[in-house]
J.: 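What follows is a structure written as structure tokens; I'll ask about it next.
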Amino acid sequence: MRHAFRFAHFSDPHLPLLPGWPVRLRNLAGKRLLGFLSWRRKRHKVHQPDVLAALLADVAAHAPDHITVTGDLINIALPDEFDRARTWLERLGPPDRVSVVPGNHDATVAVPWDIGLGQWQPWMTGDESAPQSASSFPFVRVRGPVAFIGISTAVPSPPLLAIGTVGARQAARLEEVLHDLARQDVFRVVLMHHPPMRVHGSERKALTDRQRFQEVLARAGAELVLHGHHHRDHVGYLPGLGGAVIPVIGVPSASAAPVGRAQPARWIQFTVERQDAGCWRLAVLVRGYETGGFRTEARFAIGYGGRDDVS
Ligand SMILES: [Fe+2]
């Protein structure tokens, strides 16, 4: 019997900055202050705990084998936020069943690893080595027929910028990893916060070295790239190895209510099934928020290895 492996993807939960939190003025210099004001002015209306709770309940009801979260768990990188997000991750699932990569909001300012992103390390740990610092990405986790490759594009950037960068060292390591995994005949899923191409927004929110990243994918291949960042849905393609195309899929924020121009929350269930002769079939189930809960918005399938049966 064929084994189908199911995993969930959501992004940008932006756990709320709680009113009454001990947000100390000395912590709000520079970019954090801008982020804090933005939260107070409008973002708190969009990112609602009830929506996120409904999304998590819907994910749990589908009982995926694994959960992936592509960054922006928090807002302005306060130490208290990292603490609270760790507690949230503990409730989300055990570290071996949940994979996380950081986003630009998680790196609003540089925070020492042990009181910052290092708090989430169990969910960002590869099978063979633990990221000990921000420079230890990518991590690789093989679960069933799927390999999750977690990239960090999170770099502190000047005020008003939300850029991301993969970096030469990480890109070189990614290329090695993708080649190694290709020899293991696994379905390679790259997790990253910023989309690897220009999709929405301006250059001030873009991945600065997307060209280098795309060249790595073209030389080494991958089966799927998942991202967040723009809080908008996105389906695109990048060229892979030998004429293959790599689907690139992004989702809106996991906590977004339909307020103003915000696109409401969405998550996606992917089902990976190995077909004959090393071919894959990827079934995609899109679940979107509407008042009262989540419903199926789309369902389609992608074939790999010569078959292309979108239905
Ligand atoms: Fe975000």
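Quick note: residue numbers are just sequence positions, from 1. Just so you know, ligand 1 is whichever comes first in the structure, and atom 1 is the first atom listed for that ligand.
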J.: When you measure from the Fe ion (ligand 1) to each N, O or S atom of Asp12, which atom gives the shortest distance?
T.: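 The atom in question is OD2.
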J.: Are the side chains of Pro64 and His9 in contact, using a 4.5 Å heavy-atom criterion?
T.: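 They are not in side-chain contact.
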J.: Examine all N, O or S atoms of His14, backbone included, and report whether one is under 2.8 Å from the Fe ion (ligand 1).
T.: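 So His14 counts as coordinating the Fe ion (ligand 1), yes.
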J.: Which N/O/S atom belongs to Asp72 and is the closest one to the Fe ion (ligand 1)?
T.: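 In Asp72, the heteroatom (N, O or S) nearest the Fe ion (ligand 1) is OD2.
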J.: Indicate the ring-plane relationship of Phe187 and Tyr304, choosing parallel, tilted or perpendicular according to the 30° and 60° boundaries.
T.: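 Answer is perpendicular, since the angle exceeds 60°.
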J.: Between Glu297 and Arg287, is the closest basic N to carboxylate O distance under 4.0 Å?
T.: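 Salt bridge between Arg287 and Glu297, a charged N being under 4.0 Å from a carboxylate O: no.
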J.: Please confirm if an N, O or S atom belonging to His229, backbone or side chain, lies less than 2.8 Å from the Fe ion (ligand 1).
T.: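 Within the cut-off used here (under 2.8 Å), His229 places no N, O or S atom near the Fe ion (ligand 1).
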J.: In terms of the angle between their ring planes, are Phe5 and Phe148 parallel, tilted or perpendicular, with boundaries placed at 30° and 60°?
T.: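 Tilted, since the angle between the ring planes falls between 30° and 60°.
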